[in-house]
Amino acid sequence: VGPGHQASEAPLPLLSTQLSLSSRLQLTLYQYKTCPFCSKVRAFLDFHALPYQVVEVNPVRKAEIKFSSYRKVPILLAQEGDSLLNQSLFQQQLNDSSVIISALKTYLVSGQPLEDIVTYYPPMKAMNDQGKEVTEFCNKYWLMLDEKEAQRMYGGKEARTEEMKWRQWADDWLVHLISPNVYRTPAEALASFNYIVKEGKFGPVEGAMAKYMGAAAMYFISKRLKSRHHLQDDVRKDLYEAANKWVAAVGKDRPFMGGQKPNLADLAVYGVLRVMEGLEAFDDLMQHTHILPWYLRVEKAIAEAP
């Protein structure tokens with residue numbers, strides 16, 4: 001395997017182990033359908049053929065996650081055990097999209113108990129740039145594998161480092177380009193909120209208020225976000241540059257950053273961009289960058305997951 005490239009196929013024992021382990025998991029995803037972080041998790045679950053139930057959370061009342069002191073989505077509840085063999089089911093709550101993905105991938109590759117794996121990603125309180133207290137998770141891009149497992153999965157340290165770097169890029173940069181682009185003009189803001197209300201869980205009055213008041217608010221908030229993240233006056237340029245930077249990183253010698261199949265970075269970038277589908281920003285992105293062939297390859301790989 002060349003530097004920076006993964007082994008082209010997972011060995012059969014690894015695939016069969018993943019399939020048997022996945023059958024021991026009962027997963028429930030609490031989400032907003034149009035949230036890029038939730039979309040990332042769905043892309044991961046779908047590609048790995050992990051069955052899961054979805055609970056759409058009302059973004060105003062959040063009654064569906066009243067059981068949780070952690071108040072952001074996605075939240076994943078995972079029950080581990082085999083109910084058919086009358087084995088006890090341990091319920092574990094996983095918070096933060098990147099922790100959910102790293103913990104589940106570690107579980108599928110290593111077979112360690114999920115309740116142990118969760119302890120490797122401890123939450124820590126920190127202050128962000130705006131002086132607001134936020135919860136950060138340690139090690140969230142790192143898979144907790146031994147040397148043999150890591151070698152089997154990645155084929156080399158370069159591929160592991162590359163995957164972590166671009167997963168973090170998706171969270172720290174790419175995600176912040178979504179709102180300024182889908183709320184770029186009043187018309188785009190209204191179209192985006194129309195989509196959010198249609199796909200989300202709102203009551204009739206909440207939906208109407210969210211659509212018009214939310215669209216107006218997000219149009220102005222997106223201008224603040226543009227300033228906070230030091231985006232160009234034309235935010236489309238940042239989006240196009242990010243997409244082409246990603247395509248250049250994947251290169252021409254492999255269909256995915258993961259080699260012959262998507263890795264966690266491919267799935268993260270795809271999951272973030274997918275929330276713009278059906279909106280003007282998405283059509284512009286596909287038309288003005290080189291990302292479409294890669295995007296369609298990931299879409300196909302997820303659709304064809306076993």
Side-chain angles (χ1 to χ4, degrees), residues 6 10 14-15 17-19 21-55 72-80 92-112 114 117-118 120-121 137 139-145 149 153-154 159-160 162-172 174-175 178 246 250 255-275 277 294-295 297-306:
Q6 281 186 261
L14 177 57
L15 287 174
T17 302
Q18 285 191 9
L19 289 171
L21 283 170
S22 68
S23 67
R24 290 171 48 84
L25 282 181
Q26 295 178 30
L27 304 175
T28 305
L29 176 65
Y30 293 80
Q31 67 156 21
Y32 307 143
K33 187 176 179 184
T34 55
C35 154
F37 296 107
C38 301
S39 178
K40 265 172 49 186
V41 173
R42 291 198 310 275
F44 170 85
L45 295 173
D46 292 341
F47 178 70
H48 291 85
L50 290 168
Y52 59 99
Q53 290 184 308
V54 169
V55 176
K72 293 182 178 179
V73 293
I75 292 171
L76 189 80
L77 291 188
Q79 287 192 320
E80 184 184 3
Q92 202 69 52
Q93 180 174 332
L94 301 173
N95 305 323
D96 184 89
S97 61
S98 292
V99 171
I100 291 168
I101 290 165
S102 292
L104 286 180
K105 187 66 176 179
T106 297
Y107 174 81
L108 292 174
V109 174
S110 72
Q112 300 171 64
L114 202 53
I117 294 171
V118 172
Y120 306 149
Y121 303 98
F137 293 86
N139 315 315
K140 67 181 178 180
Y141 302 107
W142 187 260
L143 303 192
M144 302 300 172
L145 308 174
E149 290 161 351
M153 181 173 164
Y154 292 109
R160 188 178 199 172
E162 181 182 51
E163 180 185 75
M164 290 172 65
K165 170 189 167 181
W166 288 96
R167 286 180 69 195
Q168 184 168 359
W169 175 83
D171 283 355
D172 290 352
L174 189 62
V175 160
I178 304 298
W246 166 254
V250 173
F256 307 103
M257 184 167 278
Q260 294 306 306
K261 62 184 194 305
N263 68 7
L264 300 183
D266 287 292
L267 295 171
V269 173
Y270 171 82
V272 169
L273 295 178
R274 178 173 60 176
V275 298
E277 278 191 20
W294 167 85
Y295 189 89
R297 287 195 295 271
V298 180
E299 189 174 69
K300 186 168 184 275
I302 292 172
E304 294 175 352

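What you see is a predicted model; the values in this text were computed from it and never measured. Hydrogens, waters and symmetry mates are skipped; everything else that's a heavy atom, side chains included, is used.
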What distance separates [X] [atom1] from [Y] [atom2], expressed to the nearest 0.5 Å?
X: Leu76; Y: Thr28; atom1: CG; atom2: OG1; result: 7.5 Å
X: Ser102; Y: Leu264; atom1: OG; atom2: CG; result: 6.5 Å
X: Gln31; Y: Ser97; atom1: CD; atom2: OG; result: 12.5 Å
X: Gln26; Y: Leu77; atom1: CD; atom2: CG; result: 11.5 Å
X: Ile100; Y: Phe37; atom1: CD1; atom2: CZ; result: 11.5 Å

What closest approach, in Å, do [X] and [Y] show between heavy atoms, and which atom pair accounts for it?
X: Trp166; Y: Met257; answer: CD1-CE, 3.4 Å
X: Phe47; Y: Ala305; answer: O-CB, 3.3 Å
X: Tyr270; Y: Ala43; answer: CD2-CB, 4.2 Å
X: Pro74; Y: Leu29; answer: CB-CD1, 3.8 Å
X: Ile117; Y: Tyr121; answer: O-CD1, 3.4 Å
X: Ser110; Y: Leu145; answer: CB-CD2, 4.3 Å

>> I'd like to know whether Leu50 forms a side-chain contact (heavy atoms from CB on, under 4.5 Å) with Leu108, so could you lay out the CA-CA distance, the side-chain angles of the two residues, the decisive distance to 0.1 Å, and finally the verdict.
In response: CA-CA 10 Å; Leu50 290 168; Leu108 292 174; 4.1 Å; yes
Looking at [X] and [Y], would you say the former's side chain and the latter's main chain have a donor-acceptor pair under 3.5 Å?
X: Glu80; Y: Leu114; result: yes
X: Glu163; Y: Tyr154; result: no
X: Asp266; Y: Val298; result: no
X: Arg167; Y: Ser98; result: yes

> Can you name the salt bridge (charged side-chain N to carboxylate O under 4.0 Å, His left out) partners of Asp96, sequence neighbours left out?
Replying inline: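 Partners of Asp96 under the salt bridge (charged side-chain N to carboxylate O under 4.0 Å, His left out) test: Lys140.
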Would you mind reporting whether [Y] and [X] have side-chain heavy atoms less than 4.5 Å apart?
X: Leu143; Y: Glu149; value: no
X: Tyr120; Y: Trp142; value: no
X: Ile75; Y: Gln93; value: yes
X: Leu267; Y: Ile302; value: yes
X: Leu104; Y: Leu45; value: yes
X: Cys38; Y: Lys33; value: no
X: Tyr52; Y: Arg42; value: yes

>> Before you tell me yes or no, could you show the steps for Phe256 and Asn263 under side-chain contact (heavy atoms from CB on, under 4.5 Å), namely the whole-Å CA-CA distance, both residues' side-chain angles and the distance that decides it to 0.1 Å?
In response: CA-CA 8 Å; Phe256 307 103; Asn263 68 7; over 6 Å; no
>> If we count only N and O atoms by modelled type, under 3.5 Å, do the side chains of Tyr295 and Glu277 hold a donor and an acceptor together?
In response: yes
>> I'd like to know if Lys40 pairs up with Asp171 as an ion pair, taking the criterion as any Lys NZ or Arg NE/NH1/NH2 lying under 4.0 Å from an Asp or Glu carboxylate oxygen.
In response: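 So Lys40 pairs with Asp171 through a salt bridge.
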> What do the steps show when you test Leu174 against Trp246 for side-chain contact (heavy atoms from CB on, under 4.5 Å), and what is the final call?
Replying inline: CA-CA 10 Å; Leu174 189 62; Trp246 166 254; over 6 Å; no
> Between His48 and Phe44, what is the ring plane arrangement, given parallel below 30°, perpendicular above 60°, and tilted in between?
Replying inline: tilted
